[in-house]
Amino acid sequence: MSKRLSPQLQHITEDACCETHLEPIQLFCDVDQITLCSKCFQSQEHKHHMVCGIQEAAENYRKLFQEILNTSREKLEAAKSILTDEQERMGMIQEEEQNFRKMIESEYSMRLRLLNEECELNLQRERECMSDLNLREGLLNQAIKLATELEEMFQEMLQRLSHVGTENMKKLKENEARVSEQICSLQKLTTELEKKCGEGALALLKNAKYSLERSRSLLLERLEPAHITDLSLCHIRGFSSMFRVLQRHLTLDPETAHPCLALSEDLRTVQLRHGQQDGAGNPGRLDFSATVLAAESFTSGRHYWEVDVEKATRWQVGIYHGSADTKGSTARASGEKVLLTGSVMETEWTLWVFPPLKRLFLKKKLDTVGVFLDYEHGQISFYNVTETSLIYTFSHCAFQGALRPVFSLCIPNGDTSPDSLTILGPSCDATVSP
């Protein structure tokens with residue numbers, strides 16, 4: 001590099017002289033990061049270095065410091081936002097863990113009730129067949145064994161949930177401490193840069209390159225939320241064999257079908273009519289008003305049904321409470337439905353429950369959804385039939401009046417959709433598991 005001088009030597013406000021030559025300091029060597037007088041400038045030591053006037057060098061560095069100051073302020077605000085979010089997440093995951101624990105306990109109570117009922121049915125059949133006492137004793141021992149295994153399985157689930165919750169809290173607290181430390185560093189850096197930008201030329205140039213590199217190094221440190229395990233990934237495995245006994249033969253009620261829906265002759269499949277679309281809607285909004293109810297309704301008891309959702313990209317299944325007197329007039333009030341919603345947006349698969357609206361995490365797209373309703377105990381549960389696992393449970397619901405299964409498809413916006421849902425009939429093959 002060659003020397004570069006301004007046409008005129010800039011005016012120096014500081015009263016500074018070279019300690020070696022006792023000449024006024026007017027220049028700055030960017031390579032060695034030192035100030036020079038005219039005699040220093042003529043030495044061989046700085047012959048091939050970039051040299052410019054002090055004021056010019058100071059203004060160049062001032063601009064660089066100002067840019068870093070702006071970045072530092074932005075990153076400081078981002079760090080504060082992350083810290084607030086992490087602290088909120090701590091409270092949220094504690095609440096979520098409590099809710100998930102209640103869901104596990106509710107599922108265990110339901111499975112135990114069904115297991116006891118199954119045992120009673122088996123014993124009743126044996127009594128009717130006049131079987132010997134040894135056989136009945138064997139059935140009782142088997143029931144006790146299954147109940148013990150069921151309890152052990154759910155205790156293991158609770159322990160796994162507790163472990164995941166503890167690990168999540170640990171990660172959040174560690175990240176909280178890390179972000180808090182970064183906030184302190186950024187606040188200190190911001191103060192230093194504000195002071196630096198307000199200094200005179202000679203003071204600003206002192207250790208300028210080192211200060212820049214240190215500042216940039218601090219700003220390169222990554223700021224991100226802690227990566228925690230979603231509790232909905234702690235699947236509750238297993239399926240009650242009583243579901244097959246309780247599985248209902250449902251059909252769709254044409255009188256409640258939305259005009260854009262077409263029903264199959266056997267009233268078990270619903271799909272969107274060809275050419276039914278609403279191009280004037282909001283492209284970012286999912287419209288699930290294309291709803292149809294089951295012809296059957298429930299005012300008591302336990303009931304189970306399954307829905308094939310493999311051929312639908314955006315769907316809802318659940319229960320509905322209310323009246324539907326005219327075609328397509330199913331009410332949409334938030335308190336009248338309990339829903340599981342599935343949606344495939346491009347390559348992203350999402351699952352939601354309502355109310356309240358809550359996102360769930362599943363690794364694979366659902367093919368078949370099982371729905372279990374226990375009217376007296378105020379419970380409705382959704383299952384992944386393929387994986388034989390619980391998706392979500394609503395418990396302690398205050399059911400009143402008739403409940404009807406509900407099925408919805410998303411009305412396409414600007415294009416046609418081949419989406420369809422099919423109610424699966426009761427199967428003769430029952431998978432027995434506790």
Side-chain angles (χ1 to χ4, degrees), residues 1-87 174-226:
M1 298 174 66
S2 60
K3 299 179 182 180
R4 182 169 62 86
L5 288 173
S6 302
Q8 295 180 342
L9 295 178
Q10 288 95 340
H11 177 68
I12 307 300
T13 56
E14 294 94 336
D15 184 15
C17 291
C18 172
E19 295 180 357
T20 304
H21 305 106
L22 301 179
E23 294 284 337
I25 292 175
Q26 298 172 319
L27 306 170
F28 182 75
C29 176
D30 194 62
V31 176
D32 292 333
Q33 290 287 293
I34 59 173
T35 53
L36 307 173
C37 68
S38 57
K39 290 184 178 179
C40 294
F41 171 66
Q42 294 169 3
S43 68
Q44 290 295 319
E45 186 179 355
H46 303 287
K47 184 177 181 180
H48 299 293
H49 292 176
M50 176 68 75
V51 177
C52 62
I54 284 181
Q55 290 295 343
E56 181 182 351
E59 288 309 308
N60 290 338
Y61 273 102
R62 199 184 305 277
K63 289 179 182 178
L64 294 174
F65 280 126
Q66 186 62 52
E67 290 174 1
I68 294 178
L69 174 60
N70 294 338
T71 304
S72 176
R73 287 169 174 164
E74 292 173 0
K75 194 157 187 175
L76 178 59
E77 291 306 311
K80 290 179 178 179
S81 178
I82 290 176
L83 180 62
T84 301
D85 291 343
E86 296 296 78
Q87 291 168 342
E174 288 176 350
N175 200 47
E176 179 192 30
R178 184 164 51 249
V179 174
S180 296
E181 184 178 340
Q182 286 179 305
I183 287 175
C184 291
S185 299
L186 288 168
Q187 288 174 331
K188 183 178 179 181
L189 175 63
T190 300
T191 301
E192 290 176 357
L193 290 172
E194 287 173 345
K195 180 181 178 182
K196 199 75 171 173
C197 289
E199 289 178 334
L202 288 178
L204 185 142
L205 291 172
K206 186 177 181 181
N207 298 322
K209 183 171 287 188
Y210 168 76
S211 297
L212 279 176
E213 291 174 352
R214 186 174 63 85
S215 301
R216 286 168 175 161
S217 175
L218 179 60
L219 293 178
L220 286 175
E221 293 182 13
R222 294 184 64 181
L223 278 172
E224 59 183 6

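If you read the sequence from its start, that first residue is 1, and numbering goes on from there.
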Which heavy atom of [X] sits nearest to which heavy atom of [Y], and what is that distance?
X: Leu64; Y: Arg216; answer: CD2-NH2, 4.1 Å
X: Asn175; Y: Ala226; answer: ND2-N, 3.3 Å
X: Ser72; Y: Leu186; answer: OG-O, 3.7 Å
X: Lys75; Y: Leu218; answer: NZ-O, 4.4 Å
X: Ile183; Y: Leu83; answer: CD1-CD2, 3.6 Å

Under 3.5 Å: donor-acceptor pair, side chain of [X], backbone of [Y]:
X: Arg62; Y: Glu199; answer: yes
X: Thr84; Y: Lys80; answer: yes
X: Ser217; Y: Glu213; answer: no
X: Glu176; Y: Glu86; answer: no

### Task
Report, as yes or no, whether the 6.0 Å neighbourhood of atom CD on Glu194 holds more than 12 heavy atoms from other residues, nucleotides or ligands.
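Above 12, so yes.
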With a 3.5 Å cut-off and sequence neighbours excluded, list the donor-acceptor pairs that the side chains of residues 201-211 form with protein atoms.
from: Lys209; atom 1: NZ; to: Asp30; atom 2: O; distance (Å): 3.4
from: Ser211; atom 1: OG; to: Asn207; atom 2: O; distance (Å): 2.9

### 4.5 Å side-chain heavy-atom contact, Pro225 and Asp85
no
#### Entry: Non-hydrogen side-chain atoms of Leu76 and Leu189 separated by less than 4.5 Å
no
Calculate, to the nearest 0.5 Å, the distance between atoms [atom1] and [atom2] belonging to [X] and [Y] respectively.
X: Gln55; Y: Glu59; atom1: CD; atom2: CD; value: 6.5 Å
X: Cys197; Y: Leu69; atom1: SG; atom2: CG; value: 5.5 Å
X: Glu67; Y: Ser215; atom1: CD; atom2: OG; value: 12.5 Å
X: Thr35; Y: Leu27; atom1: OG1; atom2: CG; value: 9.0 Å
X: Glu192; Y: Phe65; atom1: CD; atom2: CZ; value: 10.0 Å
X: Lys188; Y: Leu193; atom1: NZ; atom2: CG; value: 12.0 Å

### Message
Regarding Glu74 and Asn70, do their side chains bring together a donor and an acceptor under 3.5 Å, going by distance alone?
### Response
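No - no donor-acceptor pair under 3.5 Å links their side chains.
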### Salt bridge Arg178-Glu221, side-chain N to carboxylate O under 4.0 Å
no
